[in-house]
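Accompanying notes for the structure given below.
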Amino acid sequence: QKEVEQNSGPLSVPEGAIASLNCTYSDRVSQSFFWYRQYSGKSPELIMSIYSNGDKEDGRFTAQLNKASQYVSLLIRDSQPSDSATYLCAVNKGFQKLVFGTGTRLLVSP
Amino acid sequence: DGGITQSPKYLFRKEGQNVTLSCEQNLNHDAMYWYRQDPGQGLRLIYYSQIVNDFQKGDIAEGYSVSREKKESFPLTVTSAQKNPTAFYLCASSSKTDSNEKLFFGSGTQLSVL
């Protein structure tokens with residue numbers, strides 16, 4: 001079992017729709033969780049971090065964390081073609097080490 | 001502007017050659033990291049350093065070496081022992097030493113084998 005699992009996609013949504021990206025993790029002691037967006041050939045950029053159970057909203061983005069079920073998700077409302085990218089879920093293992101999932105590719109069609 | 005600078009952007013390695021990737025940051029961050037990214041495999045940790053003159057192996061350290069002589073610099077050497085070095089290499093840094101760190105990435109170096 002991988003430490004952090006994501007569906008590789010691609011996830012295709014029409015412009016204006018809600019995109020839902022999911023991630024599961026195996027280590028129950030993980031305390032902090034991150035979503036990075038990566039455009040092709042570019043470096044990842046942090047878009048959301050979440051540390052407590054529940055929802056955290058930032059603009060069109062909402063991160064959801066459920067530690068009991070060991071999953072974290074990212075919702076993107078009013079999806080735009082510029083949101084088309086690979087979204088990486090990352091989980092902190094402690095000792096300053098992040099473990100990344102393989103990423104979900106999102107395609108938003110006009 | 002504060003940030004992380006990686007160079008070169010593209011690098012080619014010949015058989016049996018060692019090559020060094022540069023990473024410099026002016027964010028005054030204590031921790032620095034090297035990740036490797038292959039298509040479909042996400043990011044994998046090669047080495048990381050929490051303080052100057054100290055570094056730890058990550059999950060795929062074999063065939064790589066690092067040094068941390070200055071807080072600002074964390075160069076990665078890809079040695080001839082690394083038989084499959086073609087990948088996108090990312091350097092990152094973070095400012096906190098607790099668990100809630102956030103990584104800031106450089107722009108990456110694409111390494112290819114001639």
Side-chain angles (χ1 to χ4, degrees), chain A residues 1-10 21-53 56 58 63 65 67 72 85-105, chain B residues 3-7 9-10 21 23 25 27 29-51 54-61 68 74 87-112:
Chain A
Q1 181 185 11
K2 291 182 179 179
E3 293 184 86
V4 179
E5 296 208 53
Q6 295 181 256
N7 188 318
S8 61
L21 305 161
N22 300 311
C23 170
T24 58
Y25 60 94
S26 60
D27 190 346
R28 285 191 170 274
V29 302
S30 300
Q31 294 295 318
S32 48
F33 308 85
F34 306 88
W35 282 100
Y36 285 82
R37 178 176 63 198
Q38 186 177 26
Y39 293 110
S40 182
K42 303 296 185 182
S43 60
E45 57 179 320
L46 180 68
I47 53 173
M48 289 289 285
S49 58
I50 187 166
Y51 312 111
S52 304
N53 277 330
K56 179 182 178 183
D58 184 1
L65 175 61
K67 290 186 178 181
V72 56
T86 296
Y87 289 81
L88 301 168
C89 172
V91 175
N92 193 300
K93 285 188 64 175
F95 304 106
Q96 297 186 287
K97 291 175 62 177
L98 285 189
V99 178
F100 286 82
T102 55
T104 298
R105 186 177 169 211
Chain B
I4 302 175
T5 301
Q6 286 187 244
S7 62
K9 188 174 178 62
Y10 300 98
L21 284 61
C23 179
Q25 55 100 358
L27 300 168
H29 285 173
D30 292 307
M32 298 186 73
Y33 312 79
W34 275 105
Y35 285 89
R36 168 179 172 146
Q37 187 174 32
D38 296 273
Q41 293 196 40
L43 276 67
R44 292 183 290 168
L45 183 63
I46 305 172
Y47 269 98
Y48 65 104
S49 169
Q50 298 181 26
I51 57 173
D54 185 61
F55 48 83
Q56 307 296 327
K57 291 182 179 180
D59 300 317
I60 55 165
R68 187 83 187 277
F74 192 41
F88 188 49
Y89 290 85
L90 287 159
C91 179
S93 68
S94 65
S95 63
K96 300 186 72 173
T97 55
D98 63 15
S99 63
N100 294 338
E101 75 215 45
K102 298 176 184 178
L103 291 183
F104 296 84
F105 285 91
S107 57
T109 294
Q110 177 64 51
L111 176 62
S112 303

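Order of the sequence lines fixes the chain letters, A, B, ..., with proteins taken first and strands second; residue numbering starts at 1 for each chain. Source: prediction; values computed, not measured.
- Expressed to the nearest 0.5 Å, how far CD of A:Gln38 lies from CZ of B:Phe88 amounts to 6.5 Å.
- Only the side chain of A:Ser49 comes within contact range of chain B, judged by heavy atoms closer than 4.5 Å.
- For A:Ser43 (side chain) and B:Gly106 (main-chain N/O), a donor-acceptor pair under 3.5 Å exists by modelled atom type.
- Contacts of B:Leu90 with chain A are made by side-chain atoms alone, with heavy-atom separations under 4.5 Å and no backbone atom involved.
- Remark: B:Leu103 CG to A:Phe100 CZ distance equals 5.5 Å, nearest 0.5 Å.
- With a 6.0 Å radius and a threshold of 12 heavy atoms from other residues, nucleotides or ligands, A:Arg105 has its CZ atom at or below the threshold.
- Using a 4.5 Å cut-off between heavy atoms, B:Gln110 does not touch chain A at all.
- When each of B:Tyr35, B:Tyr48, B:Tyr33 is tested with A:Leu98 by the rule side chain to side chain contact (heavy atoms under 4.5 Å, CB included), just one qualifies, namely B:Tyr35.
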Inset, instruction - Evaluate the criterion side-chain contact (heavy atoms from CB on, under 4.5 Å) for residue pair A:Phe34 and B:Lys102; output intermediate values, then yes/no. - result: CA-CA 8 Å; A:Phe34 306 88; B:Lys102 298 176 184 178; 3.8 Å; yes

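- With a threshold of 4.5 angstrom between heavy atoms, B:Asp59 approaches chain A through side-chain atoms but not through N, CA, C or O.
- Rounding to the nearest 0.5 Å places OG1 of A:Thr86 at 8.0 Å from CD of B:Gln37.
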